[in-house]
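There's a structure below that I have some questions on.
Within every chain, numbering begins at 1; the chains are lettered A, B, ... in the order of the sequence lines, protein sequences first and strands thereafter.
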Amino acid sequence: MTPPETPDEIPPHYDAAATERTLYEEWERAGVFHADAARSTRSGGDRDPFVIVIPPPNVTAALHVGHGLNSTVQDVLVRWRRMAGDEVLWVPGTDHAGIATQNVVEKLLAAEGKTRQDLGREAFVERVKSFVTETGGQILRQLRAIGASADWTRTAYTLSPELSRAVREIFVRLYDDKLIYRGHRVIHWCPRCLTSLSDEEAEHSETTGSLWHIAYPVVGDPARQIVVATTRPETMLGDVAVAVHPDDDRYRDLIGKRLLLPIANFEIPVIADSYVDRAFGTGAVKITPAHDPNDFEVGKRHALPMPVIMAPDATMADGADSAGRVPATLRGIERFAARRMMVAQLESEGRLVKVEPHQHAVRHCYRCDTVVEPRLSDQWFVKMAPLAAPALEAVKDGRIRILPERHEAVYINWLTGIRDWNISRQLWWGHRIPVWRCPDCSHEKAYRDDPTSCGQCGGTALQQDEDVLDTWFSSWLWPFSTLGWPDDTADQRAFYPTDVLVTAPEILFFWVARMIMAGLYVKKEVPFHTVYLHGTVRDMQHRKMSKSLGNGIDPLQVVDEFGADALRFTLMQGMGLGVDVMLDPADLEKSFAPGRNFATKLWNIGRFLLMQVGAEPVRAFESIPETALTNADRWILNRLSTAIAECDVALGPARTAGPWSEGLRVAGMRLDAHAETARRFVWNELADWYVEAAKSRLLGSGDDREVARAILVHVFDQGLRLLHPIMPFVTESLWRRLPTFEAGTFLARANWPTPAPALSGGERFDLIREAIGTVRQLRADYSIPPGQKIVAHVVSPDATAKARAALLFHEAALIARMARCELLSTPAPGGAAAHALLSHGLELVLPLAGVVDLQKEITRLGAEHVALSKQLDALRGRLSNEKFTGKAPPELVEAERTKEREWTARRDQMQSKLHDLGAA
RNA sequence: GGGCGAAUAGCUCAGCUGGUUAGAGCACCUGCCUUACACGCAGGGUGUCGGGGGUUCGAAUCCCUCUUCGCCCA
């Protein structure tokens, strides 16, 4: 699709909407994002593989700006490596998200007045499936809108048949290795979702509650009682003891005595256990083994009964081992209502000693925010210690680095104290636990394929476990299950291990750490060498963006209004390593102006180029002899090389051979630095200086015009390449309009630039820039109207200065245009004039009769003189200090000496100037 | 309660292993429709680098301490 428009028909503002969709479709059609396993060096190919697996969003999710940030980071890396010549694979996909998705569908059912139980398990699962098929995966389509260059032919889903097989395979392996077991213990239970949760899924939040002090009378000694302090009085019906510290003198004589549990009127013993914190509350703790994990441990140590006193929905009810504990008046009452009733009863019975406000952390369900109820039950667990040890080692020895570095400490801390992982969920949506039990012989076993008869007794009445697996039990296989594991596939050989894992720090434990464990357990190799944890998008009050707060930003709306490139550039520019990105949801215009403005600027540079350079062929950059290059050419080419080198440092290295060395461990991944460097080059160097300098050359003819055209195209082309990973659409659409464009090629597949050796002479253009800047400043200082032409007399006090002055006259036309100032070699006439010193002793004198008055000029120069003198004095002080010259590195001292010479000459010059003007 | 981090311009942040006259974007002020661009151009820094102490020839940078925020874990 060569542009039919002529340059002056290109609109002055980049129209993102008109460009992006068709461009994306073209990329996809041409297979630009497709990875070829055979080309990976691991498969005998000629390209290093570079692989990222997407953190799979929930299948029901809609794109929010957090996904936008996360995906843009990945896309920048992936596009960069693709241009750098790697065989790049970005694996996209979604997560079935057990609890979350089941909740969504249950809500839909509720609107129809139904529950999942009404439908029954099979029908419910079918219902979820069809819901997911119809509405699911929209987020993957939305990712295309922001330019994500994933290989869609490899789209994965955690509940697909292929990935389900991977889940089953690892379950069986772990089961057979005795790393999965069934445990009877207190777990976190969500009474709304009606399922157990892992430790990580039960989130803490600080709450101000109450600490109730309740008196338990001593049986047979009406004068005595023990006061216990509790934050959860409703659980007292499940109390089986009161524990005190064995060395606590207050209670020592009561150990072994019995107490009367109020309300329930049960007798319970006083026991001694050093777990009790004497300083907390009254130093006496009620022990409720079935409803508190610590009490459960105490109960086990003392062989106490463990009565459950709540139904799964957290209404009060007799449960296991609790016959008769819950009075009829409380049965069926919700736990917090029951709490109020019980507190009232205790008060009326005189058992409530006091109530004090109490700050403590209450755990909530990470999916529905319901207060979690600790509950004794049978669950499946993964034994973590054997899996954690190698995962810990991998980070410690540098095979994996975590950025920002400080998160490594968090990771190590967590893995060091890791607890077993509860993987069973009492849900219907998910991978069903592949364990069957034979009712005839009680044989229990995990099967890779559904069994028809018991392997031990041949019975055929096998029953499968009712529970499903934690969603994260499928996610932790993601880096290799998406590549075909457990089969030995070409993809797996070509693309495992992957390279960088990009995600938010919140799921370091949920997901990242477990992937490392699974990768090492199954593949004996780390799943990636770099974990990049990015910040969170927040609003102007630094609040996380969320649906409930209504402070979210819809990335698709941003794409509509400003373009995907504007969204991406703005996000990347604000992406300091691990730093949160602040955006104002109330003012999208302001938030995304930087990206939008820059996209337009780029567009206009392109527009200018196309107008001036035209469509006629340009010389190949390589064919231009160095002698044909002007100072400006040399300068911009050097700036380009610097920019390329800086971008490379900002992004890379992409990988290392072996573990990360100390020096490289924190290197690269500075996406904000990459964005800023590329922006600075294109805008502040190319557009502000080189394009301006090239204008007059383009108006001319002959060889120099051709050189200018070629350099302009080359340099802009290179700039587009540097920016393409961040702003793929506008850069691609400009790139294909360049006269050097070859049909059928894509910027997305063009070579990443490499820096060239510095050309001599580039610094001569700096003198031109200095002269222009100086005149502009004088014009502003003296408020010379822009329309008014002025002249400057160039004064060269010595031979060096004369040589430099020649340079200025050589570029006199450029200076005249950019500074609106004509250069003259004649001595300045007498009278009021503005004076400026340039480097190398050069001097400009601007006779401005009627504008400059002598006194003002003296004041201005005087102020400059004072400032310079001050700095020079400090510098001289340093240089005359023997401690400095003796201890500081010699090259620094030498540099300071050079500076001293320059400053001294400058000050002397300024002084004589002031003297000439008649200053005291 | 334990651990980690941050504090630099009005706002959001760079400033790596100590050595430029402390920077960028946005905002702001002044002047400009200079034939690519007003989503732009030119000029302007508006700062006790959170407070105090220390190490050093030299501290925004290293150490101690205090204050204020934030995050993770129990």
A/R607 versus A/N604, side-chain donor and acceptor atoms under 3.5 Å: yes
On a whole-Å scale, what distance lies between the P atoms belonging to B/C63 and B/C4? 13 Å
Smallest heavy-atom separation, A/H188 atom then A/A202 atom, equals CG-CB, 3.7 Å
Rounded P spacing from B/A74 to B/G58 in Å: 47 Å
note: A/N294, atom CG; B/A74, atom C1'; distance rounded to Å ~ 10 Å
Can you check the A/Q573 CD to B/A24 P distance for me, whole Å? 13 Å
Mind checking if A/A687 touches a base, just sugar-phosphate, or nothing, with heavy atoms under 4.0 Å? base
Could you tell me how far B/G70 sits from B/C13 if I compare only their P atoms? Round to whole Å. 14 Å
Nearest-Å distance for atom pair CZ/C1', residues A/F569 and B/C26: 12 Å
Between CG of A/D580 and CZ of A/R538, what distance do you get to the nearest 0.5 Å? 4.5 Å
Listed once per pair and sorted, the salt bridge (charged side-chain N to carboxylate O under 4.0 Å, His left out) pairs that draw on residues 768-780 of chain A, sequence neighbours left out: A/D766-A/R769
Output the rounded distance in Å from NE2 (A/H188) to C1' (B/A74). 11 Å
In B/S/- notation, 5' to 3', how is nucleotides 11-22 of chain B contacted by protein heavy atoms closer than 4.0 Å? -SSSS---BSB-
Could you work out the separation of B/U35 and B/C49 based on their C1' atoms and round it to a whole Å? 46 Å
Please report the shortest heavy-atom distance between A/A771 and A/L844, naming the atom on each side. O-CD1, 4.5 Å
A/H674: which residues meet the side-chain hydrogen bond (donor to acceptor under 3.5 Å, both in side chains) condition with it, sequence neighbours left out? none
State whether the side chain of A/E408 and the backbone N or O of A/I402 hold a donor-acceptor pair below 3.5 Å, judged by distance alone. yes
Can you classify the ring geometry of A/W689 versus A/F765 as parallel (below 30°), tilted (30 to 60°) or perpendicular (above 60°)? perpendicular
In chain order, what residues pass the side-chain contact (heavy atoms from CB on, under 4.5 Å) check against A/P404, with sequence neighbours excluded? A/R406, A/H407, A/L533, A/L577
How far does the C1' atom of B/A7 sit from the matching atom of B/A14, given to the nearest Å? 15 Å
For A/T677 and A/A643, which heavy atoms make the closest approach, and how far apart are they? CG2-O, 3.6 Å
Name all residues meeting the side-chain contact (heavy atoms from CB on, under 4.5 Å) criterion together with A/E203; count only those two or more places apart in sequence or in a different chain, and write none if there are none. A/Y366
Tell me what A/R363 touches on the nucleic acid: a base, only sugar-phosphate, or nothing, going by heavy atoms under 4.0 Å. sugar-phosphate
Could you give the CG-to-P distance, from A/N881 to B/G58, as a whole number of Å? 8 Å
N or O in side chain of A/K695 less than 4.0 angstrom from B/U35 OP1/OP2: no
More than 12 heavy atoms of other residues, nucleotides or ligands under 6.0 Å from CD of A/E894: is that the case? yes
In whole Å, what separates the P atom of B/C64 from that of B/U55? 15 Å
With nearest nucleotide decided by heavy atoms, which residue, A/W414 or A/N684, maps closer to the 5′ end of RNA chain B? A/N684
A/A391 to A/M517 - nearest heavy-atom pair and separation: CB-CG, 3.7 Å
Using the P atom in both, what is the distance from B/G19 to B/A59, to the nearest Å? 11 Å
5'-most contact on RNA chain B: A/G606 or A/K590, nearest heavy atom basis? A/K590
Partners of A/R697 by side-chain hydrogen bond (donor to acceptor under 3.5 Å, both in side chains), sequence neighbours excluded? A/T630, A/D633, A/D704
With heavy atoms under 4.0 Å as the rule, sort A/E692 into base, sugar-phosphate or nothing. base
Of A/Y411, A/W472, A/W414, which is the lone residue that meets ring-ring contact (aromatic ring centres under 6.0 Å, His included) with A/F509? A/W414
What is the distance, to the nearest angstrom, from the CZ atom on A/R543 to the P atom on B/C71? 13 Å
Separation of B/C73 P from A/Y411 OH (nearest whole Å): 16 Å
Applying side-chain hydrogen bond (donor to acceptor under 3.5 Å, both in side chains), name anything that partners A/D292, two or more places apart in sequence or on another chain. none
Sort and list the pairs that fulfil salt bridge (charged side-chain N to carboxylate O under 4.0 Å, His left out) and have at least one residue in residues 585-596 of chain A, not counting sequence neighbours. A/E589-A/R596
For nucleotides 39-48 of chain B, just jot down a letter per nucleotide in 5' to 3' order: B, S or -, based on protein non-hydrogen atoms under 4.0 Å. BSSSSS----
Starting at NZ of A/K883 and ending at P of B/U55, how long is that distance when rounded to a whole Å? 12 Å
Please list residues of residues 812-821 of chain A whose heavy atoms come under 4.0 Å from any atom in RNA chain B, ordered by number; otherwise none. A/R820
Whether A/F569 and A/F598 hold their rings parallel, tilted or perpendicular, with breakpoints at 30° and 60°: tilted
Applying the Watson-Crick and G-U criteria (both distances under 3.5 angstrom) with [ ] for crossing and | for other-strand pairs, one obtains for RNA chain B (((((((..((((.....[...)))).(((((.......))))).....(((((..]....)))))))))))).
Mind checking the P distance from B/U48 to B/A36? Whole angstroms is fine. 43 Å
Readout for nucleotides 2-7 of chain B: B = base within 4.0 Å of protein heavy atom, S = sugar-phosphate only, - = neither; 5' to 3' it is ---S--
